[in-house]
Amino acid sequence: MSNPDELLVAISAAVESERSNQMSLTVIVGGAVITGRLAPEAVWRERVAEVLKDSDRLGPFSDVFARAPRENPPGRGEAPTHLHFHLARIVQGSLGIPETGGMYRVAIEDVSAWTVGDLIHFDR
């Protein structure tokens, strides 16, 4: 969407200001369905850095995520530009990939549709 949805920006700003990871959201981006919980950018970066640090091959990249974000993080006068998903899955058929959830960063302006809540799939 060329003009980011004001309500989605407000939800992201609330997550940033509260430092909470309890807001569940499902978005469609480029035809893909991503579902999970939102996290503040700083918390998301910290968690990604921790995961990368433990990897033999990807460890050197952990510093990129560990660095502090911009001087004026969203929630302090500047509108957020990205959603930071924690425990998220890309939904394909009856599967959520990865099953355990991943860390995704999505540009708000790329979201074409969204709904509050996390999609849960059951094998039958």
Side-chain angles (χ1 to χ4, degrees):
M1 78 182 43
S2 57
N3 293 320
D5 184 315
E6 291 177 19
L7 188 53
L8 192 54
V9 170
I11 289 170
S12 182
V15 169
E16 289 294 331
S17 67
E18 297 294 322
R19 296 191 54 83
S20 170
N21 65 355
Q22 297 304 307
M23 180 60 178
S24 296
L25 197 70
T26 299
V27 298
I28 298 176
V29 179
V33 177
I34 300 173
T35 188
R37 290 192 313 207
L38 294 178
E41 181 178 0
V43 171
W44 183 87
R45 283 174 169 264
E46 181 180 304
R47 181 66 184 126
V48 171
E50 288 172 5
V51 170
L52 292 176
K53 187 176 182 179
D54 292 339
S55 169
D56 292 335
R57 291 181 298 131
L58 302 175
F61 292 98
S62 68
D63 290 342
V64 173
F65 290 90
R67 286 186 217 134
R70 307 170 291 215
E71 274 185 38
N72 295 321
R76 294 192 182 139
E78 187 177 324
T81 58
H82 290 78
L83 300 169
H84 296 88
F85 282 92
H86 162 77
L87 299 175
R89 295 170 314 283
I90 296 174
V91 178
Q92 183 168 355
S94 63
L95 296 175
I97 306 167
E99 285 185 23
T100 57
M103 306 291 282
Y104 297 100
R105 177 178 161 112
V106 175
I108 293 173
E109 68 181 16
D110 292 339
V111 174
S112 59
W114 62 275
T115 188
V116 171
D118 187 0
L119 298 179
I120 299 172
H121 287 67
F122 298 98
D123 288 332
R124 292 183 184 194

Output all residues satisfying side-chain contact (heavy atoms from CB on, under 4.5 Å) with [X], sequence neighbours left out; order by chain, then residue number.
{"X": "Ser24", "answer": "Arg37, Asp118"}
{"X": "Val64", "answer": "Arg67"}
{"X": "Ala107", "answer": "His82, Glu109, Asp110"}

To the nearest 0.5 Å, what is the distance between [atom1] ([X]) and [atom2] ([Y])?
{"X": "Leu87", "Y": "Thr35", "atom1": "CG", "atom2": "OG1", "answer": "11.0 Å"}
{"X": "Leu38", "Y": "Leu8", "atom1": "CG", "atom2": "CG", "answer": "8.0 Å"}
{"X": "Trp44", "Y": "Met103", "atom1": "CH2", "atom2": "CE", "answer": "6.5 Å"}

* Does the Thr26 side chain pair with the main chain of Thr115, one donor and one acceptor, at a distance under 3.5 Å? ->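 Looks like no, no N/O pair under 3.5 Å.
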* Asked: Does His86 reach the side chain of Val43, with side-chain heavy atoms less than 4.5 Å apart?
  ->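 In short, these two side chains do not touch, never coming nearer than 4.5 Å.
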* **Minimal non-hydrogen separation, Ile108 against Pro4, with atom names** =>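 Looking at all heavy atoms of both residues, the shortest contact is CG2-CB, 3.7 Å.
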* Hey, mind stepping through Tyr104 and Val29 against side-chain contact (heavy atoms from CB on, under 4.5 Å) and telling me if it holds? -> CA-CA 12 Å; Tyr104 297 100; Val29 179; over 6 Å; no
In residues 48-57, what donor-acceptor pairs under 3.5 Å come from side-chain atoms, sequence neighbours left out?
from, atom 1, to, atom 2, distance (Å)
Glu50, OE1, Arg47, NH1, 3.3
Ser55, OG, Arg57, N, 3.4
Ser55, OG, Leu58, N, 3.1

* To do: Kindly write out the residues that satisfy side-chain hydrogen bond (donor to acceptor under 3.5 Å, both in side chains) with Ser62, not counting sequence neighbours, or none if the list is empty.
  =>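 By the side-chain hydrogen bond (donor to acceptor under 3.5 Å, both in side chains) rule, Ser62 matches no residue at all.
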* Ile34, Val9, Leu25, Val15 screened by side-chain contact (heavy atoms from CB on, under 4.5 Å) with Leu83, the one that passes ->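 For Leu83, the side-chain contact (heavy atoms from CB on, under 4.5 Å) test succeeds with only one of Ile34, Val9, Leu25, Val15, which is Leu25.
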